[in-house]
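Below, each value reflects all heavy atoms present in this structure, side chains not excepted, and no hydrogens, waters or symmetry copies. If you're wondering where the values come from, they're calculated on a predicted model, not measured in any experiment.
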Amino acid sequence: MANPKRKHSKARSRSRRANYRVKNVPQTHECPNCSNAKLMHRACPTCGHYRGREVLAVKGYV
């Protein structure tokens, strides 16, 4: 079995691991109508509002 010729330095390992962070996390922000977190450019699933008007009828939301 092949073995590595040289040991990886700490800097090399840490530099590689610095890119392991989570990518493509959905962007959320606060809904201006109900103040719950919602996906950007989407209607709020809690109150059904998007850009200041109601676009979805949500059951149970007053």
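- Within 6.0 Å of NE2 on His29 lie more than 12 heavy atoms contributed by other residues, nucleotides or ligands.
- By the 4.5 Å heavy-atom criterion applied to side chains, Asn19 and Arg21 are counted as neighbours.
- Atom NE2 in His49 sits 9.0 Å away from atom SG in Cys34 (nearest 0.5 Å).
- In this structure, the separation between CZ on Arg51 and SG on Cys44 is 15.5 Å, given to the nearest 0.5 Å.
- Contact check for Arg12 versus Ser9: side-chain heavy atoms found under the 4.5 Å cut-off.
- Across Ala43 and Val55, no two heavy atoms sit closer than the pair CB-CG2, 3.6 Å.
- A distance of 11.5 Å separates OG1 of Thr28 from CG of Asn36, quoted to the nearest 0.5 Å.
- The distance from atom OG of Ser13 to atom NZ of Lys7, rounded to the nearest 0.5 Å, is 9.0 Å.
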(request) Please lay out, stage by stage, how Arg16 and His8 fare under the test side chain to side chain contact (heavy atoms under 4.5 Å, CB included). (result) CA-CA 11 Å; Arg16 183 187 69 240; His8 281 198; 3.8 Å; yes

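- Residues Glu30 and Lys38 have side chains not in contact (no heavy-atom distance under 4.5 Å, counting atoms from C-beta outward).
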